[in-house]
2 protein chains.
Amino acid sequence: MKKREPIFSKFKKNEFESICRERGLALTIQRRAILAELAGRRDHPTPDQIYDVIKERLEGVSRTTVYRALETFVCIGIARKISNPEAKARYDADTSRHHHLTCLHCGIVLDIHDGDLNKLKLPNESERGFEVIDYSVAFTGFCGHCRSMGGIDRAVTKINPGSSHYETS
Amino acid sequence: MKKREPIFSKFKKNEFESICRERGLALTIQRRAILAELAGRRDHPTPDQIYDVIKERLEGVSRTTVYRALETFVCIGIARKISNPEAKARYDADTSRHHHLTCLHCGIVLDIHDGDLNKLKLPNESERGFEVIDYSVAFTGFCGHCRSMGGIDRAVTKINPGSSHYETS
DNA sequence: ATTCCGTTTGCAATATATTTCCATCTATGA
DNA sequence: TCATAGATGGAAATATATTGCAAACGGAAT
């Protein structure tokens, strides 16, 4: 098994702290905990998934704070709000260009790092007035867990929030 | 001005009717109207946007019916629920492989048909147990309308539902 | 360490989006 | 036309997200 680099690296932590200082944003324990949780996992969690973990450690944190902190991270450029077909917010602390696999059954979002996919020619959309900033390739399919569960009717691609599960690493 | 093929073509209509017959789904006036509306527009509407139009023509139609019909269309393969970072579902009656431009300011989703983008090599994710079914390239940026409006702070990429507007064709 | 001030938080209320329940109604085949 | 499986409408429940404000906190100056 290949050893993995921790996502909430020293680098990310320093980046966060210096950006906050530049902008006059306070380094609160809530923001630290929320960022650490977001950056420490690989499943692109929803605000509620983060809240559920955070609340065990931080007595009395509010769901509102989680929502607010995540939006703040997006605004200062240390996280992204990612697109997914569930249409609920999911966040990603990795802001480098990479791509996603979304399971059509349970909604989990996994990363793909692939050099070729990072070199797509941008379409010329200036004629339509659109300014392209970035892109990401969104793959859809079925994750290992959902494939191995018997009885999944693939015609029913409706995402089932009740059956969520996560990569165990 | 280039003439455009109507999206709710004879083909789509026949496809819908035959699939419904095969599956024992009733061809109700609600489903017909909802599909016609979805397929007739190019802006990837939310259920509410469809409802707002439909209710003028179909006295007493329920929002619930619109939600249900759209999910049904996805299940039978004649529409897709598309990925987007807003906290609401958007649907697309074009199930062929194509790609999307999403405006980071107003949330509008435009189509891109580009032959090169349709030929990406699928990543080999079978080792991780993921079965890839399809993909779509999600471009983000700013649409012509949002670019031309003065005073947009690009650092604030939060999607603003209040400023929605649509392609006039 | 203490004080001050602007930022952030928690809570409650509100807003928006979606789903569920069930009585009633309708499309469709016999 | 009739029977009936399937669909609808409307209310209510649930899920998701945002806002306003008083109290608490972080960080800089002292």
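Convention: sequence-line order gives letters A, B, ...; per-chain numbering from 1.
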What is the distance, rounded to the nearest whole Å, between atom [atom1] of [X] and atom [atom2] of [N]?
| X | N | atom1 | atom2 | answer |
| --- | --- | --- | --- | --- |
| Lys88(B) | dT19(C) | NZ | C1' | 18 Å |
| Glu22(A) | dT7(C) | CD | P | 17 Å |
| Ile54(A) | dT9(C) | CD1 | C1' | 14 Å |
| Lys81(B) | dA17(C) | NZ | C1' | 11 Å |
| Leu27(B) | dT8(D) | CG | P | 11 Å |
| Asp52(A) | dA15(D) | CG | C1' | 13 Å |
| Lys55(B) | dT8(D) | NZ | P | 18 Å |
| Asp48(A) | dA15(D) | CG | P | 10 Å |

- Task: Would you classify Ala89(A) as touching base, sugar-phosphate or nothing, given that sugar-phosphate means primed atoms plus P, OP1 and OP2, and contacts are heavy atoms under 4.0 Å?
- Result: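 The answer is sugar-phosphate, as Ala89(A) gets under 4.0 Å only of primed atoms, P, OP1 or OP2.
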Looking at [Y] and [X], is there a salt bridge between them, counting it only when a charged N and a carboxylate O are closer than 4.0 Å?
| X | Y | answer |
| --- | --- | --- |
| Arg97(A) | Asp114(A) | no |
| Arg42(B) | Asp111(B) | no |
| Asp134(B) | Arg80(B) | yes |

Is a donor from one side chain sitting under 3.5 angstrom from an acceptor on the other, for [X] and [Y]?
| X | Y | result |
| --- | --- | --- |
| Thr46(B) | Asp48(B) | no |
| Glu71(B) | Tyr91(B) | yes |
| Asp92(A) | His100(A) | yes |
| Asn118(B) | His99(B) | yes |

- Query: For the helix from dA1(C)-dT30(D) to dA30(C)-dT1(D), what is the angle between the axes at its two ends, each from 5 pairs, rounded to 10°?
  - Reply: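 Comparing the axis at each end, I get an angle of 40°.
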- Note on the structure: Ordered by number, residues from residues 57-67 of chain A within less than 4.0 Å of DNA chain D (heavy atoms) are Thr64(A), Tyr67(A)
- Heavy-atom donor-acceptor pair, Lys81(B) side chain to Leu70(B) backbone, under 3.5 Å: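 The answer is no, because no donor-acceptor pair under 3.5 Å joins these two groups.
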- Message: Can you say whether a donor on the side chain of Arg68(B) sits under 3.5 Å from an acceptor on the base of dG9(D), or the other way round?
- Response: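 Checked by distance alone, the answer is yes.
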- Query: What heavy-atom pair brings Ile54(A) and Ala33(A) nearest, and what distance separates the two atoms?
  - Reply: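 Closest approach of Ile54(A) to Ala33(A): CD1-O, 3.4 Å.
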- Message: Both Thr46(B) and Leu25(B) contact DNA chain C. Taking the nearest nucleotide for each, which residue is further toward the 5' end?
- Response: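 The answer here is Thr46(B).
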- Which nucleotide, dT16(D), dA7(D), dT8(C), lies nearest any side-chain atom of Arg31(A)?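 In terms of side-chain proximity for Arg31(A), the closest of dT16(D), dA7(D), dT8(C) is dT8(C).
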- OP1 or OP2 of dG9(D) sitting under 4.0 Å from any side-chain N/O of Gln30(B)? yes
